[in-house]
Peer 1: 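Please read through the structure below; I'll follow up with questions.
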Amino acid sequence: MRPTDVSDPQYFHRVVDCQWACPAHTNVPEYIRLIAAGRYTEAYMLNRKSNVFPGILGRTCDRPCEPACRRTRIDGEPVAICRLKRVAADLRGEVDGLLPAIPDEKNGRRIACVGAGPASLTVANDLLPLGYQVTIFEKLQRPGGLMWTNIPEFRLPGRVLWEEIDHILDMGVDLRLGAPVQSLAGLLEGDMGGPFKAVFLGSGAPKGKELELPGRHDTDRIHIGIEWLEAVRFGHVDTVGDRVLVIGVGNTAMDCCRTAMRLGASDVKVMARKSREHFKASPWELEDAEGEGVQIVENHAPSRYLVEDGKLVGMDFELATWHPGPDGRLKKETHGSTTIPCDEVILAIGQDNAFPWIERDIGIEFGEWDMPVVDRTTFQTTRPGVFAGGDAAWGPENIIWAVEHGHQAAISIHSYCEGRPLDERPSYGQNLISEKMGLHEWSYSNDYDEAERARMRYADLERRRAHLDLEAELGFDYDQTLQEVERCLNCDVQTYFTRELCIECDACVDVCPLSCLTITADGPEVELRGRLTVPALNLDEPLYVSDDLPQTGRLMIKDEDLCIHCGLCAERCPTAAWDMRRSDLLIPYAGLDAGEARPARGMPAEVA
Amino acid sequence: MTHIEKPRVHHPALEQNELGLTRRDYEGRMSTLCAGCGHDSVTAAIIETFWKLSVPPHRVAKLSGIGCSAKTPTYFVKEAHGFNAVHGRMPSLVTGGNAANRDLVYIGISGDGDSLSIGLGQLCHAIRRNVDMLYVLENNGVYGLTKGQFSASADVGSVAKTGEVNRQRPIDPVLLALSLGASFVARGFSGDKAQLVPILEAGLRHRGLALVDVISPCVTFNDHEGSTKSYRYTREHEVEAVEADFVPLRRELTAEYEAGDVREVAMHDGSVVRFRKVPAHYDPTDRDAAYAYVRGRQEAGEVPTGLLHLDPTGQDMHRALGTVETPLVDLPFEALCPGRDKLAEILAAFR
């Protein structure tokens, strides 16, 4: 095998499973260590650098990091990364002075963003410190996009949402509320002010999917989920029927059913076409809904709405089971039908994009599903200067993806305005810093903590039902936080090998508690993986392979899969051939090279 | 030493032996020897050996004397019986223990100081009695615990870390054991577990004293240029005289080699040692031939390793003494000490 090139920042990045899985590549282990040290403000600001909305995401993130967490492969449960993020956001101090400084003198470039959701706000967050003037057009009376209209307040309190949105608006966004863009051609031609150097489409996927079945239009008690949640948020809806059926089992369905419980429904059922293993909702959201008394009914495919004398009385369902067909796709098998009485139906079966306001003759090509064609790297549409991100680009994702799209689009917009090619992306960097403090001491908590994942605490169930805006989750208390931070394996503190120093004494191989290390002869990777100390069968995780060792010419091979980063290999190494080095991934942002920091507001001018 | 204990968490796919135990179940406490000490690799090889042979941990007795080597038993099979003896006196304690309870599995760990200086007489008599034990001699050529003076196994011309050159002839444990009539004599290297583990397995199954001299470099005081017991010197001068496989009783024998290349020797318990690549004019079951071969290689500046001599026909201490099969500790008191009347009867027989 070829020796591993650890000077490529992506190698060690990949070892940090959480950071690798996070679309915005948030430096999770570092912020967890800051929380452990009680440095909540620094932990918050480190988060903010990549994910922009730590308080919001600490409550609502879809957490791609957690299933990826190495701890899951060790003891079955990931570190509660998301909830620790919330701890940092809840306990942080004043950050106003730490936010990026905004130059008084502007660079004369004006950028328009359509929609005031997380993608557009991130674009503004990245471009305003460079002297850009950013105008955001929002059709509603408040900014935030789906973060506001679709995430109920019992999951995301308003104070958290508005404070983090204000951090960006206060940088000087020209926010136009109640200003829907009716015509992109008009916007480009200057009908809405301008002229704009570039336009960013961050208008989301605002159209809930319809379920056309007999009876759909014979009553006004059938609602589209996201529209209904929006109406609740606006205060237009404050009651609901006693028996509610929610159709669909994604995260929006979870928000709908839990909202219905709070509006006074006594019998809320979530109706799923398939069985539990096919549910789209995150497991923890399902758990929360069931904990509040919502019933989840599997294998019921809706067939008609039952309306008698203009009054909704129930719904018919086919009883279905699903089996893989010859083409691998699931095939439905029907076993009779059933009627379930209800007073209200909420449809939460997905969202669509809608671009009636984009003219089809202005150079923006539309592709599959009537979506604009957007370049996956540059985030540019087929019309130069028009960019897209968030749900508007490739359909519904979650907030953290919108944020990353915003970062990338901002880089492109900056390059576009400077006249540089968009496909030359700025490169990543890394710092590698030895964590050695003394003969047997490391500057991180290297011992393995056997603690189980901390359980979330919730507000009293009766109070939750009585108050629509009462946050359901209480967050971790001090002891839970202390326990949970120690579960983190510090995967960014890398085992770093210097071949020239190795005397092949086997000390590292013998001491490794997870049997990650082997000294053996070279061979093709597939064959080599099979003859390691324990065969390396997880092909998603790389092997760290040395060049020929000095004494025997064999190779030092580390299977990264289950390393708990305890540092014992380095402690037992007589020649410091193994060292524990913290890899700090340096991420480029618009106008910033990898590792460069934006001057903060609170910094004296001469330092800035 | 390290400041944390080795975490108990282990690889979920670790193989289990016949007792349902993993290698990790045969470990002991965290080593407090210097990082990189050869002895820690010997420990790992011993752990592997006990695990492979599915030895019940509580049926092991591990004993040692004084020195760096004497710390080793702490680091393996924590459920075993253990005894840390006076300097050089480990063989006597094993002899006594074995006399009283022949059913335990005895492993004695010693070093070149413990066995070749203060305990030389003890080693000789344990070999002479052929006590049923695995005798591991961790040999690094220096007194590591007292800062690296030459030991009795240091080679002529070997240079100490302080620059001093050794002029005295070494005592070679392999030649010593061969001349004393030992029934199992081997030499291994801590940096080569692939060779060492089968030797330890065979040694543990051998009925009688199995002496395994292990070159185990002292990383602190004897791993420099000019040392003849360093990792590098051993790798450059080691000659694997014979390759020995250990085939336990229950594993099926499969013929992988051409007849003539392989020589099989049956052990007492029915398991088999299979010698491969034996050089011409060398028969590992012939003591004189083994002596001549090892002596010749050493004179040529090589370090011959492998299972150098095996005589499975030798009698161990119990057989020589004609003791009962039942361990003495399990005999009822009346049988062990039949009383005054029985004594009088015996004495009367001599009159």
Side-chain angles (χ1 to χ4, degrees), chain A residues 71 73-76 437-442 445-450 489 501-516 518-521 532-538 549-554 559 561-578, chain B residues 1-15 22-24 26-28 30-48 75-76 140 189-194 196-197 215-221 223-224 227 230-238:
Chain A
R71 185 85 192 202
R73 303 198 292 279
I74 304 285
D75 74 354
M437 293 280 281
L439 207 47
H440 306 297
E441 209 178 333
W442 305 99
S445 174
N446 63 320
D447 202 358
Y448 178 81
D449 197 312
E450 293 184 1
L489 299 174
L501 298 175
C502 181
I503 58 169
E504 300 170 63
C505 67
D506 280 359
C508 53
V509 178
D510 296 336
V511 82
C512 177
L514 272 296
S515 314
C516 301
T518 310
I519 301 179
T520 189
L532 299 183
T533 305
V534 176
L537 304 179
N538 182 359
L549 296 177
Q551 292 195 9
T552 65
R554 295 176 297 168
D559 176 13
D561 185 20
L562 295 178
C563 171
I564 57 170
H565 299 256
C566 64
L568 284 178
C569 52
E571 283 195 32
R572 295 306 293 167
C573 181
T575 61
W578 283 112
Chain B
M1 59 180 285
T2 53
H3 78 290
I4 62 167
E5 279 289 315
K6 184 166 172 172
R8 291 187 302 176
V9 58
H10 63 75
H11 198 297
L14 271 195
E15 217 182 313
T22 69
R23 288 175 184 83
R24 294 292 310 272
Y26 286 85
E27 290 179 349
M30 198 69 187
S31 172
T32 56
L33 294 165
C34 305
C37 180
H39 298 3
D40 283 336
S41 288
V42 179
T43 297
I46 291 169
I47 288 168
E48 179 80 8
Y75 313 137
F76 62 81
N140 58 19
F189 168 42
S190 70
D192 185 358
K193 287 199 202 72
L196 183 55
V197 171
I215 310 294
S216 174
C218 174
V219 75
T220 301
F221 292 111
D223 195 38
H224 47 266
S227 160
S230 66
Y231 283 106
R232 184 177 284 280
Y233 183 93
T234 307
R235 288 205 165 97
E236 285 169 356
H237 293 81
E238 181 194 357

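Throughout, protein chains are lettered first and strands after them, A, B, ... in sequence-line order, and every chain is numbered starting at 1.
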Peer 1: Are side-chain heavy atoms of B:Met30 and A:Val511 found at a separation under 4.5 Å?
Peer 2: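 Result yes, sub-4.5 Å side-chain heavy-atom pair found.
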Peer 1: What residues form a side-chain contact (heavy atoms from CB on, under 4.5 Å) with A:Ala536, not counting sequence neighbours?
Peer 2: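 Only A:Arg529, A:Leu532, A:Leu543, A:Asp559 meet the side-chain contact (heavy atoms from CB on, under 4.5 Å) criterion with A:Ala536.
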Peer 1: For chain A, find which of B:Pro12, B:Ala45, B:Ser41 contributes the most heavy-atom pairs closer than 4.5 angstrom.
Peer 2: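 Looking at each option in turn, the highest pair count goes to B:Ser41.
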Peer 1: Identify which part of A:Cys512 has an atom lying under 4.5 Å from any heavy atom of chain B, answering side chain, backbone, both or neither.
Peer 2: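 Interface part for A:Cys512: backbone (N, CA, C, O).
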Peer 1: Which answer fits A:Val534, side chain, backbone, both or neither, if we ask what part of it has an atom under 4.5 Å from a heavy atom of chain B?
Peer 2: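 For A:Val534, side-chain heavy atoms alone lie under 4.5 Å from chain B.
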Peer 1: Do you know which of B:Arg23, B:Lys193, B:His10 has the most heavy-atom pairs with chain A at a distance under 4.5 angstrom?
Peer 2: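 Looking at each of B:Arg23, B:Lys193, B:His10 in turn, B:Lys193 comes out on top.
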Peer 1: On a heavy-atom basis, which atom in A:Pro574 and which in B:Gly36 lie closest, and how many Å separate them?
Peer 2: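 Shortest heavy-atom separation between A:Pro574 and B:Gly36 comes out as CG-CA, 3.5 Å.
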Peer 1: Could you tell me the separation between the SG atom of A:Cys508 and the CG atom of B:Asp40, rounded to the nearest 0.5 Å?
Peer 2: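 The distance works out to 12.0 Å.
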Peer 1: Do B:Ser190 and A:Asp506 pass the side-chain contact (heavy atoms from CB on, under 4.5 Å) test, and can you show the C-alpha distance, the side-chain angles, and the key distance before you say yes or no?
Peer 2: CA-CA 9 Å; B:Ser190 70; A:Asp506 280 359; over 6 Å; no
Peer 1: When you compare the side chains of A:Asp510 and B:Thr43, does any donor N or O come within less than 3.5 Å of an acceptor on the partner?
Peer 2: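 A:Asp510 vs B:Thr43: no donor-acceptor pair found between side chains.
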Peer 1: What closest approach, in Å, do B:Cys34 and A:Arg572 show between heavy atoms, and which atom pair accounts for it?
Peer 2: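 Minimum heavy-atom separation between B:Cys34 and A:Arg572: O-NH2, 3.4 Å.
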Peer 1: My understanding is that only residues two or more places apart in sequence, or in another chain, count here; which of them pass side-chain contact (heavy atoms from CB on, under 4.5 Å) with A:Pro513?
Peer 2: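 By the side-chain contact (heavy atoms from CB on, under 4.5 Å) rule, A:Pro513 matches A:Ile564, A:Cys566, A:Leu568, B:Lys6, B:Pro7, B:Arg24.
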Peer 1: Under 4.5 Å between any side-chain heavy atoms of B:Val9 and A:Glu450, yes or no?
Peer 2: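 A side-chain contact is absent here, since even the closest heavy-atom pair is not under 4.5 Å.
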Peer 1: Is any side-chain heavy atom of A:Cys516 closer than 4.5 Å to one of B:His11?
Peer 2: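 No. Closest side-chain heavy atoms not under 4.5 Å.
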Peer 1: Quick check on A:Ile503 against chain B: is it the side chain, the backbone, both or neither that has a heavy atom closer than 4.5 Å?
Peer 2: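 Backbone plus side chain of A:Ile503, per the 4.5 Å heavy-atom cut-off to chain B.
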Peer 1: State, with a plain yes or no, whether a side-chain heavy atom of A:Glu504 is found less than 4.5 Å away from one of B:Tyr231.
Peer 2: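 No, every pair of side-chain atoms sits at 4.5 Å or beyond.
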Peer 1: Give, for atom CD of A:Glu571 and atom CD1 of B:Ile4, the distance between the pair rounded to the nearest 0.5 Å.
Peer 2: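 Reported to 0.5 Å precision, the distance equals 6.0 Å.
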